[in-house]
Every structure is written in structure tokens, then in C-alpha cells.
Protein chains: 2
Amino acid sequence: MARTAGSHSDITGPKVRDTALRLFARHGYAAVSMRKIAGEVGVQVGALYNYTSDKQTLLFSLLKGHMDELLAQRAAHATATTPMARLEEFVRFHIAFHLDRPEAVFISYMELRNLEPANFDEIEALRRTYEDELETILRDGTAAAEFAVPDTRLATFAVIAMLTGVNTWYRAGGRLSSADVQDIYWNMVRRAVAA
Amino acid sequence: MARTAGSHSDITGPKVRDTALRLFARHGYAAVSMRKIAGEVGVQVGALYNYTSDKQTLLFSLLKGHMDELLAQRAAHATATTPMARLEEFVRFHIAFHLDRPEAVFISYMELRNLEPANFDEIEALRRTYEDELETILRDGTAAAEFAVPDTRLATFAVIAMLTGVNTWYRAGGRLSSADVQDIYWNMVRRAVAA
DNA sequence: GTCTATAAGGTGATAGAC
DNA sequence: GTCTATCACCTTATAGAC
């Protein structure tokens, strides 16, 4: 990893991504210019193009990175075996993961429509993979009579929406910790689906 | 209501609002130019300014109209008396109202950040008024031992998020009617909060 | 790797004719 | 009420110097 004299790629690169993530989350992709990103990073606009081929690719890269990490972390944390235990694990993981990175979560939902079709399809497929794990848990639990869920697809949507909604109101440093929120939401989810 | 010769305000006015609503919902407020709206409406850009003082006011007006209608319709439909019946009525109303106008719902959530502070505060106050009715129902039901909800504020957020999430997947003409969805979601909400 | 300068075109909003 | 023309500015992206 030799470092070219005068180069700052190991500093500027991550800074560009962090800055873009923050600005896209706060103001929206369409409302944030490459000049604004460059200004926050502390470089001129031309320098940004050393780190992304264009603005669209920058957005896609942020969303792709987020979804890849979601699936990787989820796979690393899946250890339970019974449907009830798997559901609790999923609920707690989802809340913890999403509360940890509110900006990435926000743009991954809000900026989907600003992805070019091919990029959109790729992100959607990853999101679908994640949701399918929850649906499988709900179907397995229904088959085992642990759950009473008449429509597992709708229940999947309902649970995901309820859990992701935490990000709209939760503020770190408030009266509740992530663990508190996990307890309360798990209690509601359990009762909503339990036989 | 005399009509000036050559004037079309009674046609163009609503058309500007409908077009802006549709384009903002599809592409986002920042990505839609006044020229694009004018083009879809079938007028030149200067004509738009007979119907709105500026682009920001157009967005605000759409969101304000949506929230006013939400609160008016809700008030008109509130007839139940027991907490359980009031909750069921609220759940069914919320789904029916939101499925009826997906574009207005979408921009009312997605474009909040593009409102100027004073406009944002006004819309937020209306949304808060709506949410407070649900929280009151949950608190009354908990006091009456019909519900077992340890944290009524969080339960309010959870229920609203779950219900509004219907709009992300529901498509008119699919396998389920609005009434079907209401039945399924009411069943989940009831079990999540019932004592 | 970063800079400056530039290309080619889009932006919200207004003035004044009809 | 709608049109055309215009203002002042911002946009993404690239070329070439250092």
C-alpha cells in the first residue's frame, strides 16, 4: 500500500462517502450538489471524480454497502433454532442494526426512487432477501403452531414496517436505550403473531 | 363567478395541483422543475405562477390540504365509544383513507424535509394531532384494562408505522381489497395491544 | 490526487405583451 | 390567464496543468 506523495485517497475517499451519506440523508439526493459535497469534504468538485465515476454511482454505492452489511451482519447473528427464538432474534437484530446507522437506513428507503432501474433492481433484490428470512420464520412458526398468522406475506410487511418505524422517532440519548426499545417492540410483535 | 374570456383557472388550477402531486410523488420535489410541471399541465412555466406564489408554497399547499382532509375525515368518522371499538374504527379508517390517496400520503412523508421550517412545523403539528387521538385511545383502553400497553407513546408509533406501511406494498386490483387488508391488520393490532 | 477553467444545459422566478 | 423572453444563477461532468 505505497502512498503517492501529496495523495490523500485513504482520507478523502471515506470522507466523500461519509459526507455524501450525511448530506443525502439530511437534504435528499436531488437537493445535494457535487459542489456541496466537495465543499463539506474540503476539496474542489473535480477531485470527487477520483472516488466515484458519477453522482448516481455514489448513491448506489452507499445503498449497496448498506444492504451488503445488513445481510452479512444478519447472517453472522443467526443462531436460534425454534421459530419463536428466531423471531425474537430477528426483531432485536433489526432494531439494533437500524438504530446504529439511521442515515444509511434513511437514504436506503427514501432514495430508492432516485436509483437508475438496474441499480434499483439490485438493491430491491437484496432487500427482498432480507424480508424473505422473516417470512420464512413466520411460515415455519405457523406450520409448527407456535404462531397464528393467516397471511405470512402481510405479517412480514407489518412487522418490518413496525420495526423500521423506530428510526422515525428514536433519538440516541433519550429516555430509552436500544435494548429498552427491543424489549417493548418484541413484546408487541410476539403478541401480534403468537398462537 | 363570472368567467374571464380566455381564462381557464377552474381547469388549470386543479390540474396544476394534481400534476404537481403526481410528479412530486414519482420523482421527488427537488427533482421536479416548474418547467416539467408546466409541460405536463400543458401551459408555459409563467402561467403556473397564477396558481402558486412559488414552488415551496405549492408543496406546502399539497401537504396542508392532505392533512386537513385527514383530520376532517377522521372527525367525521369517529362514532365508537369503547376503547376497543374506537381502536378498530381508527385502524380501519387509517388504512382506508391512506389506501385511497397513496400519492398524497407518499409526499406527506417523503417531502417533509423539503418544507421550510415554518411550513414544516405547521404540518408536524397536524400530524401530531392525528397521532394523539390514537394515543388517547390506547391510554383509555389501558386504564380500562381492555389493553395491556406498557408504553402508549411507543405503541402509538408502532401501530401508525405498521398501518402506514400498507401503502408501500398494496396495489389496487391485487389479490386483496382494502377491507381484506383492514381485517388482517386489525387482527394483528388487536392482539398486539389487547389485555 | 487535486486544482482551475470550461462546456452545455437546467433552475426558479419575473416583466411586459396580448 | 397565458404567452415569450429574459435574468442571474446553479448543475454534472471533463480537460489539462501541476
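Residue numbers start from 1 in every chain, and the chains themselves are labelled A, B, ... in the order their sequence lines are given, proteins ahead of strands. Just so you know, these numbers come straight off a predicted model, no measurement behind them. These numbers come from the heavy atoms of this one structure, side chains and all, not from hydrogens, waters or symmetry mates.
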- Item | B:Asp132 bridged to B:Arg127 by N-O distance under 4.0 Å | no
- Note on the structure: Atom CG of B:Asp54 and atom P of C:dT11 are separated, to the nearest Å, by 17 Å
- Task: Give a yes/no answer on whether the side chain of A:Thr12 brings an N or O atom under 4.0 Å of OP1 or OP2 in C:dG1.
- Result: no
- Quick one: is B:Tyr51 getting a side-chain N or O under 4.0 Å of the D:dG1 phosphate, OP1 or OP2? no
- Item | Whole-Å gap separating P (C:dT11) and CD (B:Gln56) | 18 Å
- Message: When you measure from the side chain of A:Lys64 to the backbone of A:Glu122, do you find a donor-acceptor pair of N or O atoms at a distance under 3.5 Å?
- Response: no
- Message: Check B:Arg113 with A:Glu111, please: is the shortest side-chain N to carboxylate O separation under 4.0 Å?
- Response: yes
- Give the rounded distance in Å between these two atoms: CG of A:Leu48 and P of C:dT4. 13 Å
- Message: One thing to verify: whether B:Glu103 and B:Arg22 come together as a salt bridge, which I'm taking to mean a side-chain N less than 4.0 angstrom from a carboxylate O.
- Response: no
- Message: Does any part of the side chain of B:Glu40, heavy atoms only, come nearer than 4.5 Å to the side chain of B:Lys15, both counted from C-beta?
- Response: no
- Task: For B:Asn50 and D:dT2, give me the distance from atom CG to atom C1', rounded to whole Å.
- Result: 7 Å
- Message: Centroid separation under 6.0 Å, is that true for the rings of B:Phe106 and B:His66?
- Response: no
- Item | Ion pair B:Arg190/B:Glu146, N-O distance below 4.0 Å | no
- Roughly how many Å is it from CG in B:Asn114 to C1' in C:dG12, rounded to a whole number? 15 Å
- Query: Rounded to whole angstroms, how far apart are NZ on A:Lys15 and P on C:dG1?
  - Reply: 16 Å
- Rounded to whole Å, the OH-P distance (B:Tyr49 to C:dT11) equals 11 Å
- Item | Distance, rounded to the nearest Å, where B:His27 contributes NE2 and C:dT11 contributes P | 12 Å
Any N/O pairs under 3.5 Å between the protein and nucleotides 8-11 of chain D? List them or say none.
from   : atom 1 : to      : atom 2 : distance (Å)
D:dT11 : OP1    : A:Ser33 : OG     : 3.4

- Query: Under 4.0 Å between a side-chain N/O of B:Gln44 and OP1 or OP2 of D:dT4, yes or no?
  - Reply: yes
